[in-house]
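This report concerns only the one structure given below.
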Number of protein chains: 2
Amino acid sequence: MDLSPVAEDYLKAIYYLETENGRPVRTSDISEALDVTSPTVTSMLDTLDERELANYTPYQGVELTDRGREVVLQLVRNHRLLETFLMEYLDYSWSAVHDEADRLEHHVSDEFTRRLAAFLGEPATDPHGDPIPDADLRMPDESPYTPLTEFEPDDRVTVEQVPHRDPDVREYLSRHRIGPGTRLVVEEVSPIDLVTVVPSSTGASVALPTHVARRIGARAVTK
Amino acid sequence: MDLSPVAEDYLKAIYYLETENGRPVRTSDISEALDVTSPTVTSMLDTLDERELANYTPYQGVELTDRGREVVLQLVRNHRLLETFLMEYLDYSWSAVHDEADRLEHHVSDEFTRRLAAFLGEPATDPHGDPIPDADLRMPDESPYTPLTEFEPDDRVTVEQVPHRDPDVREYLSRHRIGPGTRLVVEEVSPIDLVTVVPSSTGASVALPTHVARRIGARAVTK
DNA sequence: TGAAATAATTAGCCTAGTCTAACTCTTCGG
DNA sequence: CCGAAGAGTTAGACTAGGCTAATTATTTCA
């Protein structure tokens with residue numbers, strides 16, 4: 001194996017694009033996600049295909065092989081355990097952990113991750129509410145949280161899961177005091193791609209585009 | 001700044017060679033320490049000189065600038081705090097921490113290190129007994145331990161500081177159960193570059209070449 | 001002190017990962 | 001169903017960090 005952090009980032013990008021977009025991953029998707037030009041992507045896809053980490057058909061798209069998916073799941077495990085440690089023991093804020101974990105995930109050994117998991121008590125989810133793959137890289141069952149888009153006006157909920165990989169989304173939510181544990185009331189779920197909510201801590205109405213609200217997981221407060 | 005891990009490793013090597021060998025650091029010293037060929041060293045020395053991290057005079061040798069030394073002290077701080085964390089919280093053995101810390105030291109942010117130091121209680125030394133530079137990169141006073149070579153036969157001592165950067169030395173000491181906290185009796189300090197000691201845990205005599213014994217720091221047990 | 005031995009540098013090549021410019025598929029609209 | 005438009009690939013160049021082979025400094029010692 002012995003993969004460069006750069007190659008690992010391409011595999012991660014393919015992994016997330018596969019699940020998020022639901023369609024074959026195209027060169028331009030990756031080039032946009034990683035902010036590199038498309039010829040650069042093409043040449044890396046050749047490499048990943050050769051190493052049997054991805055199946056790449058020129059002009060047609062790319063998908064991960066089982067081996068490629070394994071590499072990504074180990075990275076996801078590293079990342080989410082690191083985030084848990086950073087928040088619980090080093091007092092990082094939920095919006096600050098991502099960048100640190102994104103760098104370190106490539107450099108910790110499997111041994112480190114095993115020991116860190118034991119130290120943290122083998123957690124099944126990270127502080128953003130995302131599931132942590134176990135030592136055999138099995139992803140726990142889908143999170144039991146409900147997307148914010150599924151609630152009705154006046155529902156009172158607790159936020160359990162927040163999207164945080166996009167720095168702009170992260171900054172916006174953080175600025176409006178929406179994070180794991182936030183209590184809020186759903187104000188409106190509009191068909192024009194907008195959800196408005198009122199965090200109880202601020203009382204100020206916050207507008208969320210549907211693509212963001214859909215990725216906020218919450219639990220109804222049975223008041 | 002924004003230095004590659006590779007460039008950082010060259011700076012570290014120069015730092016240690018400066019203090020250990022006491023003479024101007026030569027190309028071949030570095031090439032041996034890092035296991036690269038000498039032309040490779042020459043070209044990196046050009047780069048470091050250009051970046052004002054080292055003063056390099058062709059054919060004459062190289063020494064760190066203040067900026068170069070600062071970079072190294074930050075790495076040393078990262079390294080020793082990481083080792084402390086790995087041993088105290090993740091149950092790594094003293095002989096196993098080095099490699100993990102050596103990789104991670106290049107990738108943790110200053111913010112991470114600040115927070116880790118706070119979490120660990122701002123320790124002044126690491127578990128090998130080596131001093132940890134403070135947040136302003138000042139190295140604490142020299143360690144108060146006495147080199148094993150300064151003791152006399154029959155002296156009873158506790159080991160406080162062990163050399164651990166060389167894997168062979170590390171393996172040897174570890175195999176003979178000599179580590180931080182080990183109690184032992186000095187058997188002989190021979191003029192032919194040999195010190196023999198008897199750890200009380202095993203009772204078996206262990207021979208140490210002077211260059212190793214000189215770097216083992218110990219404290220007399222006032223029995 | 002001068003030649004041999006040793007150390008260091010220069011020259012030139014390689015790979016990974018990046019870019020721009022130019023060319024070639026695919027796809028979609030008329 | 002064919003020709004732009006747009007997406008993707010190929011060609012060729014660049015940088016960092018390696019290497020080997022050849023050349024040049026320095027040092028040592030007879």
Side-chain angles (χ1 to χ4, degrees), chain A residues 1-14 17-18 20-64 68 71-72 75 102-103 105-107, chain B residues 1-14 17-18 20-64 68 71-72 75 102-103 105-107:
Chain A
M1 206 77 45
D2 201 34
L3 228 36
S4 72
V6 172
E8 291 181 341
D9 278 338
Y10 281 84
L11 292 175
K12 269 177 61 182
I14 297 166
L17 289 164
E18 266 180 359
E20 278 166 24
N21 292 355
R23 53 174 158 73
V25 178
R26 291 179 286 118
T27 299
S28 56
D29 294 333
I30 301 171
S31 123
E32 195 183 338
L34 297 182
D35 197 27
V36 293
T37 60
S38 32
T40 304
V41 174
T42 300
S43 89
M44 180 57 88
L45 292 184
D46 283 338
T47 305
L48 296 179
D49 187 85
E50 213 149 278
R51 300 253 240 146
E52 304 198 35
L53 296 161
N55 291 321
Y56 165 54
T57 316
Y59 295 106
Q60 299 307 315
V62 66
E63 55 181 15
L64 294 183
V71 170
V72 173
L75 289 169
D102 233 23
R103 246 178 308 111
E105 64 181 4
H106 301 289
H107 302 286
Chain B
M1 205 80 41
D2 201 32
L3 227 35
S4 72
V6 172
E8 291 181 341
D9 278 338
Y10 280 84
L11 293 175
K12 269 178 61 182
I14 297 167
L17 290 165
E18 266 180 0
E20 280 166 24
N21 292 356
R23 53 176 159 72
V25 178
R26 290 179 289 117
T27 300
S28 55
D29 295 334
I30 302 170
S31 122
E32 195 184 338
L34 297 182
D35 197 26
V36 295
T37 61
S38 30
T40 304
V41 175
T42 300
S43 90
M44 180 56 89
L45 292 183
D46 284 336
T47 306
L48 296 178
D49 187 85
E50 213 150 279
R51 299 254 241 150
E52 304 198 33
L53 295 161
N55 291 322
Y56 165 54
T57 316
Y59 294 106
Q60 299 306 316
V62 65
E63 55 181 14
L64 293 183
V71 170
V72 174
L75 290 170
D102 233 24
R103 246 178 309 111
E105 65 181 4
H106 300 290
H107 302 287

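Bear in mind that the values here come from a model prediction, so they are computed numbers and not experimental data. Note on naming: letters A, B, ... go to the chains in the order of the sequence lines (proteins, then strands), and numbering restarts at 1 for each one.
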* To do: To the nearest Å, give me how far apart NE2 (A/H106) and P (C/dG17) are.
  => 12 Å
* Asked: Just wondering, do A/E105 and A/K12 contact through their side chains at under 4.5 Å, heavy atoms?
  -> yes
* Structure fact -> note: B/R26, atom CZ; C/dT6, atom C1'; distance rounded to Å ~ 10 Å
* Can you tell me how far C1' of C/dA16 sits from CZ of A/R51, to the nearest Å? -> 11 Å
* Could you give the CD-to-P distance, from A/E8 to C/dG17, as a whole number of Å? -> 11 Å
* Using a heavy-atom distance cut-off of less than 4.0 Å, which residues of residues 32-41 of chain A contact DNA chain C? -> A/V36, A/T37, A/P39, A/T40
* Which residues share a ring-ring contact (aromatic ring centres under 6.0 Å, His included) with A/H107, sequence neighbours left out -> B/H107
* Structure fact -> Min and max contacting nt of DNA chain D in 5' to 3' order, chain B heavy atoms within under 4.0 angstrom, are D/dG17 to D/dT26
* Could I get the full list of side chain to side chain donor-acceptor pair (under 3.5 Å) partners for A/T40, not counting sequence neighbours? => A/T37
* To do: Say whether, by atom type as modelled, one donor and one acceptor occur between the side chain of A/E8 and the main chain of A/L75 under 3.5 angstrom.
  => no
* To do: Map A/A7 and A/P58 onto DNA chain C by nearest heavy atom, then report which one ends up closer to the 5' terminus.
  => A/A7
* Partner residues of A/E63 under the side chain to side chain donor-acceptor pair (under 3.5 Å) criterion, sequence neighbours left out -> none
* **Separation between CE of A/M44 and CD1 of A/I30, rounded to the nearest 0.5 Å** => 10.5 Å
* Residues that B/D49 engages under side chain to side chain donor-acceptor pair (under 3.5 Å), provided they are two or more places apart -> none
* Asked: Quick one: which of B/V36, B/D29, B/L34 gives a side-chain contact (heavy atoms from CB on, under 4.5 Å) with B/V41?
  -> B/V36
* Structure fact -> Taking for A/Y10 and for A/Y59 the nucleotide of DNA chain C with the nearest heavy atom, the one nearer the 5' end belongs to A/Y10
* What nucleic acid atoms does A/S4 come within less than 4.0 Å of, heavy atoms only: base, sugar-phosphate, or nothing? -> sugar-phosphate
